[in-house]
J.: 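There's a structure below that I have some questions on.
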Amino acid sequence: MEEPQEYKTPKALLVAVIGMGVLIVVGVVVLAGVLIHRMSSKPVPPNLPPVALSDAAPTASLPTAHATLPAGEQLLSVTRVRDNVLALHVTEHGQDRILLWDVPTGQLRTGLDINAAH
C-alpha cells in the first residue's frame with residue numbers, strides 16, 4: 001500500500017498570506033485613527049477666494065436686478081426661496097414683513113406680515 005504524501009505549502013504563498021494579513025491589520029488601525037481624528041477635530045470651512053463686489057459689473061449676460069422698496073421700509077435680510085425668487089425681510093416703523101421678490105421680472109409680491117406679540 002502507498003503512503004500518503006504530505007502536502008507542503010509553498011513558501012511564496014505563506015509569505016503572501018502573512019503579508020496580506022499584516023496589511024489588513026495596519027489598514028484597519030489607520031482607518032480607525034483617521035475616523036477618530038476627524039470626529040474629534042472642528043470642521044474647517046473651505047477656503048474660497050475673495051471676490052470684490054466691484055468686480056461683478058453688470059453685463060448683457062448678467063444684468064443688474066433692482067427691487068424698489070416703498071418709502072420708509074428698511075431691508076433687514078435676504079434669503080433665497082428657490083431659483084430666481086428671494087424672500088426680503090423688511091421693517092417699517094417696527095412692523096416686520098416678508099416680501100417675495102421675483103428677480104427676473106423685478107416684481108415684489110406680498111408675503112407675510114409679522115405682528116409682534118404685546
J.: Test of understanding: clusters of I, L, V, M, F, W, Y form through side-chain heavy atoms closer than 4.5 Å, transitively. Do Val30 and Val22 belong to the same one?
T.: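 In one cluster: yes.
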J.: Which distance, rounded to the nearest 0.5 Å, do you find between the CD1 of Ile18 and the CE of Met20?
T.: 10.5 Å
J.: Mind checking the CG-OG spacing from Leu35 to Ser40? Nearest 0.5 Å is all I need.
T.: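 Rounded to the nearest 0.5 Å, the CG-OG separation comes out at 10.5 Å.
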J.: If I take atom CD1 from residue Ile98 and atom NE2 from residue His89, how far apart are they, to the nearest 0.5 angstrom?
T.: 5.0 Å
J.: Could you report the tightest heavy-atom contact between Ser77 and Leu75, atom names first, then the distance?
T.: O-CD1, 3.6 Å
J.: Any chance you could measure Arg82, atom CZ, to Leu100, atom CG, to the nearest 0.5 Å?
T.: 8.5 Å
J.: Does any pair with a residue in residues 98-109 pass salt bridge (Lys or Arg N to Asp or Glu O under 4.0 Å), and if so which ones, sequence neighbours excluded?
T.: Asp102-Arg109
J.: Measuring from atom OG1 of Thr91 to atom NE2 of His93, what distance do you get when rounded to the nearest 0.5 angstrom?
T.: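 Reported value, rounded in 0.5 Å steps: 9.0 Å.
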J.: Verify the cluster assignment for Val78 and Val81: are they in a single hydrophobic cluster under the rule of side-chain heavy atoms below 4.5 Å apart?
T.: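 No, Val78 does not connect to Val81 through the hydrophobic network.
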J.: Starting from Leu23, can I reach Val15 by hopping between I/L/V/M/F/W/Y residues whose side chains sit under 4.5 Å apart?
T.: no
